[in-house]
Visitor: 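Here it is, the structure, as structure tokens.
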Amino acid sequence: MGKSILLLLIILGACCLAAAQNPDPTKGTLAGKVISAKTGEPLPGVNIILLGTVLGTTTDLQGRFYLSGIPAGIYSVKVSMMGYKSQTVHKVRIIGGEMTVLDFKLKGTVIQAPAVVVTATKRRQSFQDSPNSVTVITSREIEQKNTFTLDNVLRYTSGVNIAAGQVNIRGSTGYSRGAGSRVLLLIDGCPAITGDAGTINWDALPTTEIKRVEVVKGAGSALYGSNALGGVINVITKDPSEIPETRVRLTYGVYDKPIYPEWRRWIGDRWLTYDGVDISHSRRIGNLGLLLSMGRKRSSGYRQNGHFIRWSALTKLSYRPSPQSRLTFYCSGASEDHGEVIMWKVKNGQPFPMEVPKESIGDEVLSQKLNAHLTFDRILSRKLAYTIKPYYYHTYWKNDFHDNRDYSKTHKLGCEIRVLYFPTEGHSLTTGVEGIYHKVKSKIFGYHHTYDLAWYGQDEIRIFSPLTFTLGIRYDYHQVDDLFSEEQLSPKAGLVYQPTSSTSLRASVGRGFRAASVAEIFTNTLVSGFRVVPNLNIRAESAWSYEVGWNQVLGNYLWLDIALFNNDYWDMIDPEVVSADTLRLANLIRARIRGFEIEFRGSLWDRRLVGNLGYTYIDAKDLTSDQVLEYRPKHLLTSSLTLNYKLTLSYNNYHLGANLQFGADFRYLSRLERVKVFKLDQRVPQYIIDLRAVSDFKGFVLAAKVENLLQYYYTEVERNLAPPRSYTLTLTARL
Amino acid sequence: MRGLPLVILLLLVFVSCRVEHGLEPIRSKIEGTIIFESPWPRVVEEVRVAASPSFPPEDPLEMILSDPLPVDIDTIVNPSNLDTTLIADSVNFVLFVPPGDYHILVLWKRKGSPWDVSSILGVYTSPSDTTKPAVVKVSTSVRGVDIKVSFPGSNISGTIAFLGEWPPSTEWVRVVVYKKIPVELIDYYPPNLSAFSDPIPIGVSSYDYILPVKAGVYEWVLVAWKGKGTPLLDIKEIGTYYSHPDSPDPGKVVVPECETVTGIDITADFSRIGGSLSQFYLVIEHL
């Protein structure tokens, strides 16, 4: 069987290659170069889109682009890139069998505004055309944060907060002790939610290979189905580079000692450290691009039993059998052994946040993850393209606790087929089908299968020049074993009005849902003297999400985004007391989360000083009990400031130049008004300041960082201390 | 770039400002002594002190608990004799709590059962008014929070339903408990006679009773009637507890330690009164 498949693939590949060798006389080529208007330097990574078509490309490291297979005709070509003013050239003639050359000089804007996003409507579009609030985190910003896992980067994203690994977009998820994320995580558009508990494993994502992260806020089930209740986070990985590159990154860090002697007793005189090494290589061989990455990270932990050791690897292959088609294979895996900290030690009411109860010392968890997907993109014509995307996600964990030996193994197998059609310029239709199968084999959850089938459709139409209307719907069928099935219909509608190139007004409404995870339905275990029992009557949560927003570029110095949002939730899943010592999860809560968000981005001194500030106000109410919703802070504030400086040293006609960067990141979360357990424990707001400095000299980058500069002690959830002050040094060599 | 020194200066000023560090060790505490006024039953697993903002506690998750009081339970309980003698009759405690107002309780946990916040042994009262729980205001350290506690006894409880008119000659009606069904005359006396209630109010048609007993097994729970001017021994059984309506034998009642057994309901029929002095034998014949 395997050999037959391999033979078939070879034959298909040969056909593709053969097709590529014979140029079509009805199709032409667009090529050119994009440079900076100010410096004349080539600009890599610039987006080139033929408006009203599925056709587009990006510039290489030399700023060159080459787009072949374009049907002869007249096009409008739009060129855009973050930090530069986009340009559109109309009436570009493409002649069959010939090459049309078009060069661009882009003027820099002082605003670091994202240019193109793909997640909001499942197609490439300008950021300002999106009917939803979208925040984009670039690879540069991820490198600046210099962190092992992506959740530490997301903490500084406006409207996002993390509660012990569970991500919240505008207060969506709260904290459910690892069961059921209300935010959908995608890797290159493929769901990366575990099949048993429905959660996100941040350690499965290598931060060094992320090109950008798109955070779409608000219910997104009309395109993405379950778990997209509060929003969608799409991690887009880097493509293999055009020029061979090897990168080695070494990291070493140390945690500062607690300032209180009572908290220092278990540490003694030693220092708690962490280190990591990442090696990656990327190159192109003809039409084949290759990216390989491996890494090892170790930490003694900043608290007792908080140690871990993690191995990870990533492979990405991209192949262009023809100008109209592209095949990409992605595979990443991680294996981790970490100590488990459920809660800190308490003695006669006195907390010892750096220690765990004596019986918990030595509790460990072994976990493994494997994530793979294959993406085949094919352009059939200037107006029609399709994508086929099979994916696989495997997770395994095993507890080695003093009182628990649970384990769980899951397999997720899915496939999405998507078609994109542009009937006319300014009108696009997207439709697709998706199927997902989960298999769970677990001591704590049992043996189970779930099946999901879905169809979705979306119509975006420019009614008249500045006004675009979007309508979408998705049908989901969800089956759990032979026990029960559910059907969900998730419509959405959006409106974007752009009276000028600097102004965008948007409004959207959409429905989201989250099917109960296998863990929530079938958990059968003993935890801290409480028995948790299954609940076969539990069903999906749902939400309606409403938003209006305004995006404005002000005088070329300031970029502003304001959004008002309201999310209504039904049947939210929460623990229910069955008897004095028995709990189960049930659909209990009707909730409403509303608020507003303001985000500024700006720069001064010709982008030498770049900053952003985001504030989110959240009014989260449990309408069932008429109380504040648990684990939702009322105020979130994030801010970053970066100073770029080019240092040049001269001595006897010898010049030495280095790029320096200094930065500070700040985040504030107001004190949680309500939590579920240990309600009398101290709770404080979060004030976290990080400082960073980077020196880039001839391919060597030395980065230093102080996290939690003020040595501020806080918790995100009860009796779990967040990391204290730490000092990190990273050396990256690009060869 | 002229603004660069200003930016750095602002950062330095900011950093040098007085810094809050968020969470910190709890400095405020409550200290006192728990004085045990009754023996430790075997069924007790641990005893803790708790601080609660409300009394009675509304939310079990809104309390601060001490560690189990440092009493060596294994040496307290003499395995050969349920009538134990305490080795330690008082224990000092300390409980760290954030500043605030609290009620201080003593809770106990039964072996094999989860924590139940209604299992309250005692609550701190002020010396001036021992009938109401006192609020302890904690800002730094509060000493002398002493609490006397007794473990709950065991009880039998139920409802007596009376049939017929109360005879005018009634002196008293009581609930009586025997360990074993009496065979000889001596069996009608202690120790086989384990407990009897206070007189039930005369004339009632039903009565809810609760009768303290020692933990154990009781074979005969009955309602006894005595007439005015009759000898003490001339009591009449007018109702017996049966576990099942069709059961020929009296219901056996098992009473665990520190627990109240409910539902021991008895129908008392005054028509069964009558007869001669040899009422004991009537009682035996009745059984």
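Keep in mind the model is a prediction, meaning the values are calculated, not measured. Below, read A as the first sequence line, B as the second, and so on, with proteins coming before strands; counting in each chain starts at 1. Heavy-atom basis, side chains included; hydrogens, waters and symmetry copies ignored.
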Visitor: Got a sec: does the NZ of A:K634 have more than 12 other heavy atoms crowding it under 6.0 Å?
Guide: yes
Visitor: Report the distance from atom CG of A:L710 to atom NE2 of B:H21, rounding to the nearest 0.5 Å.
Guide: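 Result: 8.0 Å between the selected atoms.
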Visitor: Out of B:A51, B:S66, B:S52, return the one with the most heavy atom pairs under 4.5 angstrom to chain A.
Guide: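 It is B:S66.
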Visitor: Given 3.5 Å as the limit, does a donor-acceptor pair link the side chain of B:D67 with the main chain of A:N348, or not?
Guide: yes
Visitor: At their closest point, which heavy atom of A:W263 faces which heavy atom of B:L23, and how far apart are they?
Guide: CH2-O, 3.7 Å
Visitor: Tell me, for B:V97 versus chain A, whether the close heavy atoms (under 4.5 Å) come from the side chain, the backbone, both or neither.
Guide: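 Neither; nothing under 4.5 Å.
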Visitor: Would you compute the distance between atom CD1 of B:I64 and atom CZ of A:F678 and round it to the nearest 0.5 angstrom?
Guide: 11.0 Å
Visitor: With side chains defined as the heavy atoms from C-beta onward, is the minimum distance between B:I26 and A:P351 less than 4.5 Å?
Guide: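 When only atoms from C-beta onward are counted, A:P351 and B:I26 do touch, with a gap below 4.5 Å.
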Visitor: Answer yes or no: does atom CZ of A:R671 have more than 12 heavy-atom neighbours from other residues, nucleotides or ligands under 6.0 Å?
Guide: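 Check passes, neighbour count above 12.
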Visitor: Which atom pair, heavy atoms only, marks the closest approach of B:G22 to A:V684?
Guide: C-CG1, 4.1 Å
Visitor: Nearest 0.5 angstrom please: A:Q350 CD to B:R27 CZ, how far?
Guide: 7.5 Å
Visitor: Which bit of B:P98 is near chain A, if near means a heavy-atom gap under 4.5 Å: side chain, backbone, both or neither?
Guide: side chain
Visitor: Return yes if some donor-acceptor pair links the side-chain N/O of A:Q682 with the main-chain N/O of B:E24 below 3.5 Å, else return no.
Guide: yes
Visitor: Counting only non-hydrogen atoms closer than 4.5 Å, does B:L65 touch chain A with its backbone (N, CA, C, O), its side chain (CB onward), both, or neither?
Guide: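 Looking at B:L65, just its backbone touches chain A.
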Visitor: At a heavy-atom separation under 4.5 Å, does A:Y260 approach chain B through its side chain, its backbone, both, or neither?
Guide: side chain
Visitor: Between A:V675 and chain B, which part of the residue has a heavy atom less than 4.5 Å away: side chain, backbone, both or neither?
Guide: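 Nothing of A:V675, per the 4.5 Å heavy-atom cut-off to chain B.
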